[in-house]
Amino acid sequence: MSNSVSNFFNNNKRQKLKGDSITGNNNEDDKPWVEKYRPKSLNDVTSQKHVIKQLQSQLNKDNLPHLLFHGPAGTGKTSTILALTKQLYGPQSSAFWKSRVLELNASDDRGISIVRDKIKTFATLTISNPSKDDLENYICPPFKIIILDEADSMTKDAQAALRRTMELYSNVTRFVIVCNYVTKIIDPLKSRCTNIRFNRLDNEDSLNRLKYIVDQEKLNINNDEKVLEQILKNSNGDLRRAITLLQSASRISEVTSEDMSSFLINELTGKVDIQIIAQYFDLLRSKNVSQISQFINKEFIQKGYSCEIVIHQLHDYIYGDTSNDANLKEDDQEVHWLFFETDCKLVNGGNEYIQLLNFSLQLSKRL
Amino acid sequence: MSYLWVDKYRPKTLSELSHSYDITAKLENLSSATSNINNIPNILVYGPNGAGKKTRIMALLNRIYCQDSNQIYKLKIDVRQFKINSKSLELNVISSPYHIEITPSDLGFSNDKIVIQELIKELGSTSHQFTPTSSSTTGETQHVRFKTIVINDANKLSKAAQHALRRTIEKYSKNIRIIMCCETLSNIIDPIRSRMLNVRLSAPSQPEFQNIVKDVSLKESVTMGDIFINKLSVLCRGNIRLGLLTLENMAVLKNMDLSGADINVIKPDWMVCIDKICLLTLKNKTVDTVLTIRGIFYDLLAHCIPAELILQKIVEWILENAELVKLRQDKITTVIYYASIFDERLKLGSKDIFHLEGFITKMILEI
């Protein structure tokens with residue numbers, strides 16, 4: 001049986017990744033750190049304690065319900081499920097893992113036809129027999145797992161087509177649906193799965209993870225505590241973003257022998273220097289239209305800063321940061337409305353220059 | 001062969017680049033021999049028009065693949081066909097042996113996803129190996145194990161296409177690198193931003209801009225005075241492409257002599273039209289004016305001037321000439337407020353002319 005399963009997989013897209021096997025595992029260094037430091041087992045997952053506890057207890061019972069993971073980006077949803085499968089079936093590159101796990105994400109076409117053919121074919125397959133080695137080292141429960149990553153981009157129709165499939169083959173297959181917004185998943189699917197919410201990571205956990213990576217990579221950072229905190233602050237609880245940021249920053253500082261500083265981190269995320277924001281805010285108070293427009297043109301537009309980030313930072317400056325004398329009234333509805341409206345217009349694809357200009361002038365009128 | 005000056009004097013290697021030296025230094029370090037060349041991250045370059053984003057990218061690739069031997073500039077243009085259902089789509093692909101360059105937004109909003117998926121999977125599923133054609137003295141040359149995909153106008157990619165990129169970037173990271181090039185970060189979704197090294201490119205400052213223009217005019221033996229160059233830099237606002245094109249135009253018109261004291265920089269025709277529109281709205285506030293302006297708008301649109309740009313230029317004109325025509329500050333604020341509204345409508349709606357006219361009528365009423 002296992003033979004026919006691997007035959008099936010030879011025709012499968014996953015195996016087309018020949019490049020992977022040619023270059024082999026020897027260049028682990030080429031991998032992005034996000035991939036390199038993905039947790040290998042559930043115990044490695046440092047945060048989301050409630051989730052891990054729940055999954056561990058399920059594992060001990062040798063059974064797993066259908067799962068629905070939801071939560072913001074970079075909180076470890078994909079990492080957790082991959083770690084789980086690694087614990088169940090061994091390393092990701094092994095044939096056994098590949099015969100038991102089907103991972104589909106938004107880059108694979110997931111129209112209704114895929115659900116009907118690919119997912120259904122995989123779901124109906126009899127489970128492959130683990131080798132003796134596998135049995136000794138891994139749990140090898142008697143079911144396959146289908147991971148639908150980034151499921152919020154699946155169409156309603158495709159989701160509907162999944163409903164019956166999930167039930168019919170539940171003796172041999174478990175589904176894990178991973179998404180950011182649980183509202184994009186249709187109710188019938190939600191009710192068939194155990195819903196697990198991933199919270200935003202708290203700073204301590206992320207900081208520890210970053211420190212672990214810094215140790216492993218033997219990075220030399222002056223004043224690392226402060227720099228790492230800056231990284232976390234700029235990535236808003238998104239650990240993946242933080243790790244990518246750390247990698248980019250370390251690579252740049254490695255070759256330029258430039259110190260890894262808060263300044264470098266800011267530059268990498270496209271944030272404006274806080275001094276400039278302060279200057280900008282003071283200028284808004286002066287209510288001088290021509291000066292404001294010149295400032296915007298010179299400091300933001302020509303320097304290529306993204307208008308969205310400028311507005312975001314100004315918001316933080318006014319409401320989040322207590323060390324300055326911005327003290328706007330917290331309950332000034334019109335100003336809040338202004339932030340909302342400008343953001344909305346930008347998301348709709350508005351012209352950066354016009355929108356930022358309008359925002360500034362309207363805000364300065366109300367200061 | 002005769003080139004436009006813009007192309008003739010386009011820097012071809014990293015060392016020839018003439019402004020934003022800190023960024024050049026960063027790119028140089030990324031691709032320097034001491035670092036592992038296969039460690040280069042995916043890159044997202046953003047910055048205003050004509051700041052040299054593309055030039056920089058090509059120079060970087062030239063360094064990576066050909067050690068500045070300019071092989072990368074041997075480009076050929078193919079037309080690739082993609083099949084969606086029964087429709088087939090055509091996309092222009094510019095390629096060299098080392099990289100390909102695509103503008104997926106050419107295909108329209110709903111189709112770009114397919115291109116991204118097909119093309120990247122195709123390139124990503126085979127492994128590549130390039131030996132840099134080096135004349136360098138260092139004994140060991142590093143093999144470059146990836147092909148590069150340059151995506152233009154990345155901010156015009158649909159959300160679906162960007163989602164499709166997410167995992168693909170990580171999955172195929174051994175065989176391909178992606179370099180995206182866009183004017184603003186606002187429309188790029190967070191997961192993409194966090195996966196790429198963000199490089200912000202500012203427009204050159206006035207002195208830098210003037211140096212570039214002076215340099216070119218020296219090589220082409222154009223004589224010119226300070227008056228001309230000052231006027232030119234005011235007109236172009238750091239847009240090097242526009243600057244050099246205008247310089248060439250003027251030089252040919254005036255027989256290579258631009259030193260006269262009374263010289264005026266010739267604006268492009270469409271900018272003259274915009275001046276005319278603004279003057280008309282200020283002078284006669286009648287229904288007839290709206291009709292006349294409608295004619296001009298139709299003309300501009302027929303010549304492929306984007307409506308967004310028209311709106312932006314009108315706003316810029318108002319700001320620049322506010323004192324000349326004695327506009328009060330609060331009136332300017334109102335005009336810009338309406339500009340921001342109609343700017344959003346332009347994006348949401350489909351008939352540009354309605355929104356432009358709506359704006360002009362509002363402007364006539366308000367001023």
Side-chain angles (χ1 to χ4, degrees), chain A residues 16-20 22-23 27 29-32 34-35 73-74 105-107 109 149-150 153 235 238 240-241 244-245 247-248 251-252 254-256 267-270 287 289-290 293 297 301-309 345-355 357-358 361-362 365, chain B residues 25-26 29-30 32 34-36 38-39 41 46-48 51 117 121 124-127 145 160 163-168 170-175 184-187 190-191 194-195 197-198 200-203 237-238 308 311-312 315 319 322-323 329-330 332-333 336-337 339-340 343-344 347-348:
Chain A
K16 263 204 216 147
L17 264 171
K18 286 236 177 62
D20 261 2
I22 291 175
T23 41
N27 40 23
D29 286 348
D30 294 356
K31 272 192 182 171
V34 188
E35 292 293 314
N105 60 58
S107 58
D109 193 9
D149 208 348
E150 291 152 30
S153 61
S235 49
D238 181 339
R240 179 179 41 225
R241 198 159 182 199
T244 320
L245 201 58
Q247 187 177 15
S248 320
R251 195 171 302 158
I252 284 177
E254 194 179 295
V255 274
T256 46
E267 187 59 43
L268 278 174
T269 28
K287 302 182 194 240
V289 171
S290 66
S293 76
N297 215 331
I301 302 296
Q302 288 213 357
K303 291 202 174 161
Y305 284 112
S306 154
C307 170
E308 193 192 338
I309 291 177
K345 281 175 184 164
L346 282 173
V347 169
N348 279 334
N351 179 306
E352 303 245 312
Y353 177 66
I354 295 178
Q355 298 302 345
L357 204 58
N358 172 52
L361 295 182
Q362 294 292 329
K365 217 165 91 180
Chain B
K26 266 179 201 166
N29 285 320
L30 272 179
S32 71
T34 50
S35 67
N36 183 354
N38 290 308
N39 231 339
Y46 63 103
Q117 284 177 348
K121 280 198 173 158
S125 53
T126 46
S127 65
R145 280 202 214 87
H163 277 292
L165 263 179
R166 284 166 63 166
R167 277 289 282 165
T168 336
E170 285 174 0
K171 214 166 166 180
Y172 298 93
S173 65
K174 272 197 183 123
N175 296 326
T184 136
L185 269 187
S186 296
N187 297 348
D190 253 4
S194 77
R195 278 174 176 82
L197 172 63
N198 297 4
R200 180 178 56 82
L201 191 61
S202 339
R237 299 176 173 213
E308 187 187 330
L311 201 62
Q312 185 180 340
V315 170
L319 280 171
E323 277 167 26
Q329 292 209 348
D330 57 322
I332 301 178
T333 314
I336 288 170
Y337 173 66
S340 84
D343 174 47
E344 188 191 17
K347 286 284 150 41
L348 296 176

Item to check | Atom pair CD1/CD of A:Ile301 and B:Gln312 - distance to nearest 0.5 Å | outcome: 7.5 Å

Item to check | Residue B:Ala322 versus chain A: region with a heavy atom under 4.5 Å | outcome: neither

Item to check | Exam field: side chain A:Gln362 to backbone B:Tyr337, donor-acceptor pair closer than 3.5 Å | outcome: no

Checklist entry - What's the spacing between A:Glu150 CD and B:His163 NE2 if we round to 0.5 Å? => result 8.0 Å

Checklist entry - Is there a side-chain contact between B:Val315 and A:Asn351 (heavy atoms, below 4.5 Å)? => result no

Checklist entry - About how many Å separate OH of A:Tyr353 and CD1 of B:Ile336, when rounded to the nearest 0.5 Å? => result 7.0 Å

Checklist entry - How far apart are the closest heavy atoms of B:Gly238 and A:Gln302, and which atoms are they? => result N-NE2, 4.4 Å

Item to check | Set of residues satisfying side-chain hydrogen bond (donor to acceptor under 3.5 Å, both in side chains) with respect to A:Glu352, sequence neighbours excluded | outcome: B:Thr184, B:Ser186

Next on the checklist: Please report the interatomic distance CG(A:Leu346) to NZ(B:Lys347), rounded to the nearest 0.5 Å.
Outcome noted: 10.0 Å

Item to check | Engaged part of A:Ile354 at the chain B interface, taking heavy atoms whose separation is under 4.5 Å | outcome: both

Checklist entry - Mind checking whether B:Asp343 and A:Gln355 have side chains closer than 4.5 Å, heavy atoms only? => result yes

Next on the checklist: As an exercise, state the distance from CG of A:Asn348 to CG of B:Leu348, rounded to the nearest 0.5 Å.
Outcome noted: 4.5 Å

Next on the checklist: For A:Lys365, which atoms come within 4.5 Å of any heavy atom of chain B: side chain, backbone, both, or neither?
Outcome noted: side chain

Item to check | Donor-acceptor pair, side chain of B:Arg200 and main chain of A:Tyr305, under 3.5 angstrom | outcome: no

Item to check | Donor-acceptor pair between B:Ser340 and A:Lys345 side chains, under 3.5 angstrom | outcome: yes

Checklist outcome for this item: So CG of B:Leu319 and CG of A:Leu357: to nearest 0.5 Å the spacing works out to 5.5 Å

